[in-house]
Amino acid sequence: MRTRYRRITRFAARYLVQAWWFELFLPRFGLGWISARGRTRRLLRLAQRFHVLAVDLGGLMIKVGQFMSSRLDVLPPIITKELEGLQDEVPPVPFAQMRERLEHELEMPLTRAFSFVDERPLAAASLGQAHRATLTDAMAQESGLRDVVVKIQRPGIDRIVDVDLRALRKVGRWLSKVSLVSDRVDMPALVEEFAVTSLEEIDYVHEAANSERFAADFGDDARVAVPAVAWERTTRRVLTLEDVSAIKITDVDALRAAGIDPSEVAARFAAVMFDQLFEDGFFHADPHPGNVFVTPLPTPDADTPAWRFTFIDFGMMGEVPPGLRRGLRRVLIAAASRDGKGLVDGIRDIGVLLPSADTVQLERAMTQLFSRFGGMGFAELQEVDPREFRAFAVEFGDVVRTLPFQLPENFLLIVRAMSLTSGMCSALDASFNIWDAVEPYAQRLIREESGNTAQALAREVGAVAAVTARLPRRLDNLVSRFEEGAVSVQTPRIERRLRDLERMIRRVVSAVLFAGLLIGGILLQPDQGFWGTVLLIASVAPLSHALLAGIIARRNGA
């Protein structure tokens, strides 16, 4: 276990140093073009090496990779594409070991617990393994179930999870010392949230309770089904559920063969996930393709058979507190209305933006975003000129980097659930447009909240009255500031001059640093040749910056 801990922390340390060098150090000296030129190759190498590490170690490293593979919103496709195979790439444990663990947990021989257990695993995950089984006649009569799936925890997984969490906590502490990260994300808190979720996942009694709560939430909804729990064959490390295997949600060929339109599946799945997040507040946080089936149902009309979603694996569930749910509903309504200011207000309500954030520029950027790209689906976005995307991304990124933000509790799971939902819907229907799914739902929310229109109007009238009352004094203050010369005006030309001045100062610092290293190296060379050589080699970096930064700036038109 000590070796496992060292492998994880060494891997993290190596790539943290690499990221510091290329993404922070080189750009500080005007050498960002070097970083940008090899970024794609470095990211691919990082993803490939983490993929190998995760498959080799298993445990929570698989979970970390699966989470990263779903972060299409913040990670480049080159990383998510490399890691998405981790969903189905966990090697199984030999059945002899799983049988021993199963008998130990149930405290009875396997032949007494089940009349049949398939030794071939139905699925192998990072924390457990599933096998098809049949209950004995007596147990089937008592539980009302016969064909079941038995989920068994991997041997030694408790210790593996403990080691992995210790390593991740250490990496989180390292990241918390980097101001670029700590100013925006509380990494130790984020790791603790991941730890809570992971520990809940290895408690199968907790998972069984989650499945029954989820089933109760959707008890009157014909769109959703949940497998029943065989409590008599369930412990903390063994979970026995009704076998509900059906069509994998992303198996487009099987869906069409069953007479089911994949595009309809995409639209309905998005609606079901929206209901979980914005209505019930208790949601499936791991809706990847292996955890959702489409189950055809017999109907009188054979040409258009009815069907429903069957969810499994309730180990990773999220809960949205009422206050956060209200903020999310506001964000959804603003997004559907293409309301940049309303969207920013909703983000503030959620708690992502700190109260001190000055959001004027962000509101303007969101308005421009909706104006140019609002309503486009993924297929339409792919036809947009990449240079236009790049220009907007640079401008938008500059605005976002100036804002203080944080991730509220459970937000990590919300982002994961929505990322997986978006990805699955796009896989089902290449022309899937998230706006088409959002707008009907948002319109319903607007109608539901229309009863509060009078109150909202009264608040607006009060706000206008307050502004009107303060207006004379504010105008008087503004005139006074003009008279005192205290009003400042920001213009792009002045900002550009300041950037030029800052760049010149950096070149001067580089020149001074080069001179110091060169002189030190020459003085040390006779007595301490090694350190003298080190200083002479190190002087090349600031010399390169001092000589090349001006040429690069002119070439870029800066």
Side-chain angles (χ1 to χ4, degrees), residues 122-123 125 127-135 139-140 142-153 197 200-236 238-251 255 258 260 265-266 268-299 305-320 413-414 416-418 420-421 424-425:
L122 176 65
L127 305 180
Q129 191 164 298
H131 293 260
R132 280 198 170 96
T134 305
L135 292 174
M139 183 55 60
E142 181 179 342
S143 65
L145 304 175
R146 179 167 294 278
D147 295 327
V148 294
V149 172
V150 184
K151 187 175 174 181
I152 313 163
Q153 226 172 74
T197 303
E200 287 178 349
E201 276 199 85
I202 60 174
D203 182 351
Y204 286 169
V205 172
H206 182 79
E207 179 178 341
N210 282 342
S211 72
E212 293 199 335
R213 178 180 172 184
F214 189 84
D217 286 348
F218 284 92
D220 298 327
D221 193 330
R223 300 173 301 171
V224 175
V226 178
V229 180
W231 283 101
E232 298 81 1
R233 294 292 180 263
T234 295
T235 71
R236 186 176 175 274
V238 172
L239 176 61
T240 304
L241 298 168
E242 175 187 7
D243 188 352
V244 292
S245 301
I247 303 173
K248 188 176 180 179
I249 188 172
T250 51
D251 190 343
L255 289 173
I260 300 172
V265 174
R268 194 180 297 183
F269 182 68
V272 166
M273 291 304 298
F274 286 153
D275 280 343
Q276 293 177 43
L277 284 165
F278 303 117
E279 297 291 342
D280 303 312
F282 184 65
F283 64 95
H284 199 301
D286 194 24
H288 67 73
N291 286 342
V292 186
F293 295 117
V294 174
T295 306
L297 300 173
T299 64
W307 52 272
R308 65 188 178 191
F309 296 111
T310 303
F311 286 81
I312 63 171
D313 195 346
F314 299 91
M316 187 184 294
M317 302 294 292
E319 197 156 1
V320 188
L413 295 180
I414 294 172
R416 174 180 173 80
M418 294 315 299
L420 286 171
T421 299
M424 284 219 294
C425 291

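Legend: residues meeting side-chain contact (heavy atoms from CB on, under 4.5 Å) with Arg308, ordered by chain and number and at least two apart, are Ala225, Thr295, Leu297. Taking the salt bridge (Lys or Arg N to Asp or Glu O under 4.0 Å) definition, one finds that Asp275 meets it with Arg223, Arg444, sequence neighbours left out. Partners of Thr235 according to the side chain to side chain donor-acceptor pair (under 3.5 Å) rule, which considers only residues two or more places apart in sequence or in another chain, are Glu105. With sequence neighbours excluded, the residues forming a ring pair (Phe, Tyr, Trp, His ring centres under 6.0 Å) with Phe311 are Phe214, His284, listed by chain and number. By the ring pair (Phe, Tyr, Trp, His ring centres under 6.0 Å) test, Phe293 is found to be paired with no residue, residues two or more places apart in sequence or in another chain being considered. Arg213 pairs by the salt bridge (Lys or Arg N to Asp or Glu O under 4.0 Å) definition with Glu319, not counting sequence neighbours.
Side-chain contact check for Ser143 versus Arg233: every heavy-atom pair is 4.5 Å or farther apart. In this structure the side chain of Phe314 reaches within 4.5 angstrom of the side chain of Val226, judged on heavy atoms. Side-chain contact check for Trp307 versus Val265: some heavy-atom pair is nearer than 4.5 Å. Residues Leu241 and Ile312 form no side-chain contact, since every pair of their non-hydrogen atoms from C-beta on lies 4.5 Å or further apart. Between Leu122 and Ser245, the closest side-chain pair of non-hydrogen atoms falls below 4.5 Å. The closest side-chain heavy-atom distance from Phe278 to Val320 is not below 4.5 Å.
When every heavy atom of Met273 is checked against every heavy atom of Pro287, the shortest pair comes out as CE-CG, 3.9 Å. Across all their heavy atoms, Leu127 and Tyr204 have their closest contact at O-OH, 4.2 Å. The shortest heavy-atom contact between Gln153 and Asp203 is NE2-N, 4.4 Å. Nearest heavy-atom pair across Phe269 and Cys425 is CD2-SG, 4.1 Å. Nearest heavy atom pair, residue Val205 against residue Trp231, reads O-CH2, 4.1 Å. Across all non-hydrogen atoms, the minimal contact from Pro289 to Thr250 is CB-OG1, 3.5 Å.
For the atom pair CD of Gln276 and CE of Met317, the computed distance is 6.5 Å after rounding to the nearest 0.5 Å. Distance check, rounded to the nearest 0.5 Å: CD of Glu200 to CE of Met316 gives 10.0 Å. One distance of note links OG1 of Thr421 with CG of Leu277; it measures 7.5 Å at 0.5 Å rounding. Distance CG/Asp221 to CD/Glu279: 11.5 Å, rounded to 0.5 Å. Rounding to the nearest 0.5 angstrom, the gap separating the CG atom in Leu135 from the CD atom in Glu142 is 10.0 Å.
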request  = Output, in order, the C-alpha distance, side-chain angles, deciding distance and verdict of side-chain contact (heavy atoms from CB on, under 4.5 Å) for Asp313 and Lys151.
outcome  = CA-CA 10 Å; Asp313 195 346; Lys151 187 175 174 181; 3.3 Å; yes
request  = Would you sort out whether Arg132 and Asp147 count as a side-chain contact (heavy atoms from CB on, under 4.5 Å), showing the intermediate values?
outcome  = CA-CA 8 Å; Arg132 280 198 170 96; Asp147 295 327; over 6 Å; no
request  = Evaluate the criterion side-chain contact (heavy atoms from CB on, under 4.5 Å) for residue pair Asp280 and Phe218; output intermediate values, then yes/no.
outcome  = CA-CA 9 Å; Asp280 303 312; Phe218 284 92; 3.7 Å; yes
inquiry  = The test is side-chain contact (heavy atoms from CB on, under 4.5 Å); show your working for Phe283 and Leu413 and say whether it passes.
reply    = CA-CA 9 Å; Phe283 64 95; Leu413 295 180; 3.9 Å; yes
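Put simply, the side chain of Thr234 gets close to the backbone of Thr240: a donor and an acceptor are under 3.5 Å apart. With hydrogens and angles disregarded, no donor-acceptor distance shorter than 3.5 Å links the side chain of Glu242 to the backbone of Leu145.
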